[in-house]
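Fair warning: this is a prediction, and the values are worked out from it, not measured in the lab. In listed order, ligands and their atoms are each counted from 1. Note that these values count all heavy atoms, side chains included, but never hydrogens, waters or copies made by symmetry.
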Amino acid sequence: MNKRLSNFTEWLIENNQDFAYIHSPSNVFYLSNFHCEPHERLLGLFVVPNQEPFLVCPGMEVSQARDAGWTYGIIGYSDSEQPFDFIEEALKARGVQSPERAAIEKATLSYERVEHLKERFGKLEFHAAETALNELRLIKDDSEVEVLREAAALADFGVETGVSVLRDGITEMEVLATIEFELKKKGIREMSFSTMVLFGENSGAPHGNPGQRKLKKGDLVLFDLGVVLNGYCSDITRTVAFGDINEKQKEIYETVLKAQTASLDISRPGTRLGDIDLAARNVISDAGYGEFFPHRIGHGIGIEVHEYPSMSEKNDNQLQEGMTYTIEPGIYLPEVGGVRIEDDVFVTEDGYETLTKYPKELQIIK
Ligand code: GLY
Ligand code: MN
Ligand code: MN
């Protein structure tokens, strides 16, 4: 059994769980190396202490699960079959006759599927499997960091591509399409979220929508993008100036850069997570822009682009070696525009490494 599954099984035993039903593609991938997007169909990894685990997936995906290296049981079902019939049978065959406690991903398992479990197994007490899985996924091993580093390099390439095509009159969507086209040519099938290319006043919304806005001199240009590579995500934001910008725009750029540097400087094992947020927030507040930084400093990154931990000022947990997260302060001024600078960060034994490496000094594209 792989180390991840055995760690998870240990948690099930310690917490007296009769079985676990893991349904999210990210946690199924983490535990089995099988990546499947089932849409509305059922995907499940069932883990039973002291028994063999089994996967349940649409029949057409079975060979992919095998190719991913899954050697235990796989139940493939057709679109006219009820997968819970097979699940009940397989659990009972593993001695799970009248379970009392089950671990599920409480945040996302549908109420309908919980009802199916209750119908077949009667009174069940449910526990949050996320408690264990978020903790396990928090610390990345060497092979995960290697993939995250490559994904980050491709995000750098995406920004570099976008910057290289900026010219008077080009639209946000034209720049966006060029970035994604060039990444696809490098084999990237999926971005880790909808790419943002925002010009001028559009960059004044933290999560604005790219459209037909044409680029003109004096605009700030904000790129926020990332790729999925071998199941792992990257996420970078860079802001550049197109032509000369005014003093206000320069001031917010320099403030955000100073804020990001302040958070990076204290990134090392033992730092309270909330202090990473506060380091940047204090710089931005001291410069008089506190109300224009409306989000937390960042989020964990890995199999999902936003994962545990939440890097908010209230988080009292400490950074640990092997954690990966983003640092992405921003200042967004309606009408004027916004600046965000975001890196993916890996905590080393005594400090940090930024996985994204695209330059951060203010670039003025002429
Ligand atoms: N791309 C969304 C974020 O940076 O969190
Ligand atoms: Mn981002
Ligand atoms: Mn982010």
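- Salt bridge E353/R149: present, at least one basic N to carboxylate O contact under 4.0 Å.
- Linking Ile, Leu, Val, Met, Phe, Trp and Tyr residues whenever their side-chain heavy atoms come within less than 4.5 Å places I303 and I188 in a single cluster.
- As for E328, its N/O/S atom nearest the Mn ion (ligand 3) is the one called OE2.
- Proximity of T326 to ligand 1, defined as any heavy-atom pair under 4.0 Å, is not found for any part of the residue.
- In this structure, F29 is a member of the same hydrophobic cluster as V227, with clusters built from ILVMFWY side-chain heavy atoms closer than 4.5 Å.
- Of all N, O or S atoms in E342, the one lying closest to the Mn ion (ligand 3) is OE2.
- At under 3.5 Å, a nitrogen or oxygen of E342, whether backbone or side chain, sits near a nitrogen or oxygen of ligand 1.
- Close contacts between ligand 1 and H306 involve ligand atoms 2 (C), 3 (C), 5 (O) [criterion: under 4.0 Å to a heavy atom].
- Between the side chains of R137 and N27, at least one donor N or O lies within less than 3.5 Å of an accepting N or O.
- One option in V305, D235, T237 has a heavy atom closer to atom 3 (C) of ligand 1 than any other, and that option is D235.
- Of all N, O or S atoms in D235, the one lying closest to the Mn ion (ligand 3) is OD2.
- Taking every non-hydrogen atom of E328 and a distance limit under 4.0 Å, the qualifying atoms of ligand 1 come out as 3 (C), 4 (O), 5 (O).
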